[in-house]
Trainee: 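Quick one: structure below, then a few questions.
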Amino acid sequence: MAHSDIEPQISHFTHGLPTLEPIPPFDVLGLIKAVWRGKWIIVFTTMLCITIAGYYAFRVAQPKFQATASVAQMVVSQDTTLVQSQAIDDEIAFNTALASLTSRDLLAQVISELNLLSDSEFNRHLNPQSTYSVTTLRRQLRHFLAGTTDLAPTKVEIFEKTIENLSRAIVTRRQGDTYIAQITVQSGSAQKATLIANTLAQTYLNNQHDASLRSQVSTSTWLAEKVATLRLQLVAQETQISDLISAAQVQDDASLDALSRQVLTAEQNLAEAQSAIDAITGAQNTDTPRATATLAQKRVEHSAITVELDRLRAQLAAQSAGLATLQQFQIEAEATKAVYTSYLTRLKEQDQILPAATAITPAVRGYYIGPQKVLILTVATAFGLLLGLFAVALRQTFRRGICDASALRHATGQPIFAQFSNRLPTSSRGLKRLCDDDQPMAIKETLKGLCASLIMSSQGQIPQVILSTSSTPGEGKGHPALLLADCLGRTGKSVLFIAADQTDPITSKLCSENLETKADNSDLQIIKNEMLQADILLTWANSSSMNVHTSSELESNMTDLRARYDHIIIDAPPVTSTPEACIWAAHAVTIIYSVSCGRTSICVINRGLRALKGTDTPIAGLIFTQINSHRLRNSGQGNFIAPATTAPQM
């Protein structure tokens, strides 16, 4: 009960959902077939791209060579018997040296030394520009927009442009984690690239050497001047010390110590004399002559000691001041002597140091770098393949017609009686060879298959009146009709070929040459062609008796012709171009319908088939024409393809 209650609800819920259509699988086989059918387009585009690329790589593109020279700046000294070198350890200094390799002054020296102004590779003004070159057109457009005129370049402009072109040909880089700079030069000549690289490296070395020499000479001159100045200053200071010693009688430290001891002794003696005077003065009997004489004597000694002490003190003060000045002069002299010694040592060491040198690895030979011909051809091949695939995809997308006989059978529901190649001749000589007894075996087999298909579709015998038509003009229906008439005529049957399509180029060309009017009792003019085993009736060359617009006369003439000929092949105009095909179809027994491979759309084909079905004349089958000869050989020429079990609605 639960299931029965839920099921109606589910049905009601799913009733309003949209129907999901399954996604058709990707037709890989169809894609492969489409690519295979367009293989010659792919081959053509690939070969075209390879040819253009090969012409550019081998004839147009100028070869390029490059050569590399290496330099590494060193500081070389002669302190030992072996030359020692130390690389520059300053990153900024190395980058500066690397940038100086392409400086304007250095490149100007290279241009002057190698006379590159006379080389058309770097002086482009030596090459006359084509009037229609891109550079000339761009320059003319620029002058036109700016309202200026093209002036001749000056020597300075030519020189600057040559420097610019040379700079573009030079690449400087660092070699790994080293302090070695690589100079790579590209040129159209291997020898020229090697010469420019080595010249640039050597010019750089010479400039570095000259700059180092100038710096060394300048430093030596400055040091020599400084040493001379310090020498004079030191001599002056020593002279000043000597003059001070001579003028002030400045003694050494020992003499000064002795003088200090003398001052102390004098001070002690003065103190003793003062004590003696104080002692005599303080005694009780100071009025005695003896005391008076002793006191006078002590006072005289005190005065003498005081005078001597003052003299010693003055001498000590003078000696102390002079000694301090002397020591100051000596300190200054020692400092000057130390600086003098330092500069003198640097001056002597400067003469021992060599200028900055550079290790160089010259370029030996130039290497070919371009154009990369194999790479260019490989890219051109890939581009040609892609271009061909793109063209095939476009052709497949915009193609109106059907290229496969089986697809045509399924689309129309009609059997395919025969398949004809697009290589059938259209000239008179080719048509004559095609109608000879020694016609190609493939054509014979195709005609046998066509006759067999007609017999199977008409109860064991070939119909008497067969109409050949197509949907549109130019679908190649003339070849099957002519070959069928010729084939039936070679069996001993009397055959009439009615050329009712004046626009068909094949029948028109065949019927306009080697014509001979055949005797006839009626008003019809039957023509005999020596290369075709059948009589020819040109409807547009006869009287009004074959006017298709007069049904009674046409019926009368067709009755007469049926009585005289075993088979009548009517080459009628296309169905969609004129209604005459339907009028002719009313007098035919069966119809063979020609379809051009890959040209006519299935809509046009079905429209023509529907128009013919209104005539009540059965359509026996289709003839697939203008097929690629290689594809036709692979599929089997003239094979019969049975109709589809269910014909499409038309």
Side-chain angles (χ1 to χ4, degrees), residues 431-432 435 437 447-448 450-455 457-469 477-502 504 506-573 580-592 612 615-620:
L431 291 173
K432 181 179 180 181
C435 296
D437 294 334
L447 293 175
K448 288 181 180 179
L450 177 58
C451 294
S453 300
L454 288 172
I455 291 174
S457 64
S458 300
Q459 300 178 354
Q461 61 181 0
I462 298 178
Q464 182 182 15
V465 182
I466 302 174
L467 177 72
S468 174
T469 186
K477 63 180 177 58
H479 280 109
L482 283 173
L483 291 175
L484 179 61
D486 184 73
C487 178
L488 294 176
R490 293 179 186 277
T491 61
K493 303 288 186 178
S494 58
V495 180
L496 175 64
F497 179 80
I498 300 178
D501 186 8
Q502 185 179 0
D504 191 287
I506 304 301
T507 56
S508 298
K509 183 174 293 186
L510 178 67
C511 298
S512 61
E513 297 182 2
N514 301 322
L515 299 180
E516 179 180 341
T517 303
K518 186 178 180 181
D520 198 302
N521 296 327
S522 64
D523 295 334
L524 301 178
Q525 295 182 2
I526 307 299
I527 301 174
K528 179 66 177 178
N529 188 298
E530 62 180 11
M531 69 178 68
L532 187 65
Q533 299 298 320
D535 295 340
I536 301 175
L537 176 60
L538 300 179
T539 59
W540 64 86
N542 286 277
S543 63
S544 61
S545 59
M546 289 301 295
N547 191 340
V548 296
H549 298 289
T550 308
S551 301
S552 59
E553 295 181 0
L554 180 60
E555 178 67 26
S556 174
N557 285 298
M558 288 299 299
T559 302
D560 183 47
L561 293 175
R562 288 193 193 97
R564 294 168 53 189
Y565 290 96
D566 296 327
H567 297 286
I568 300 174
I569 309 299
I570 304 174
D571 182 20
E580 293 183 7
C582 296
I583 298 176
W584 282 106
H587 301 279
V589 178
T590 188
I591 300 173
I592 54 176
L612 291 176
T615 62
D616 295 332
T617 302
I619 300 174

Trainee: How about L496 and L537: do any of their side-chain heavy atoms sit closer than 4.5 Å?
Mentor: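 The answer is yes; the side chains approach within 4.5 Å.
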Trainee: List for me each residue that meets side chain to side chain contact (heavy atoms under 4.5 Å, CB included) alongside A585, sequence neighbours excluded, and say none if there are none.
Mentor: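 Applying side chain to side chain contact (heavy atoms under 4.5 Å, CB included) to A585 gives L467, I591, L612, T615.
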Trainee: Check T590, I592, I455 against P463 for a side-chain contact (heavy atoms from CB on, under 4.5 Å) and give me the one that passes.
Mentor: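 Among the candidates, only T590 passes.
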Trainee: The criterion is side chain to side chain contact (heavy atoms under 4.5 Å, CB included); which residues satisfy it with V465, sequence neighbours excluded?
Mentor: M558, R562, I568, I570, A588, V589
Trainee: Would you mind reporting whether I498 and D571 have side-chain heavy atoms less than 4.5 Å apart?
Mentor: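 No, too far: nothing below the 4.5 Å cut-off.
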Trainee: With sequence neighbours left out, write down each residue that passes side chain to side chain contact (heavy atoms under 4.5 Å, CB included) with K493, or none if nothing qualifies.
Mentor: T491, V495, D566, H567
Trainee: Judged by atom type as modelled, is there a donor-acceptor pair below 3.5 Å linking the side chain of D486 to the main-chain atoms of Q533?
Mentor: yes
Trainee: Kindly indicate whether the side chain of C451, heavy atoms from C-beta on, has any atom under 4.5 Å from the side chain of L484.
Mentor: yes
Trainee: Can you confirm whether D535 sits close enough to F497 that some side-chain heavy atom of one is under 4.5 Å from a side-chain heavy atom of the other?
Mentor: no
Trainee: Side-chain contact, heavy-atom cut-off 4.5 Å: T617 with W584?
Mentor: no
Trainee: Can you see which heavy atom on A581 is nearest to which on P573, and at what distance?
Mentor: CB-O, 3.2 Å
Trainee: What closest approach, in Å, do A500 and E580 show between heavy atoms, and which atom pair accounts for it?
Mentor: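 So the minimum-distance heavy-atom pair works out to O-OE1, 4.4 Å.
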Trainee: Looking at every heavy atom in both A481 and I569, which two are closest together, and how far apart are they?
Mentor: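 That closest heavy-atom pairing would be O-CG2, 3.8 Å.
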Trainee: Under the 3.5 angstrom rule, does the side chain of E555 hit a backbone N or O of H587 as a donor-acceptor pair?
Mentor: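 Between the backbone of H587 and the side chain of E555 there is no qualifying donor-acceptor contact (under 3.5 Å).
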Trainee: Within this structure, what is the OG1-CZ distance for the pair T559 and R564, rounded to the nearest 0.5 Å?
Mentor: 12.5 Å
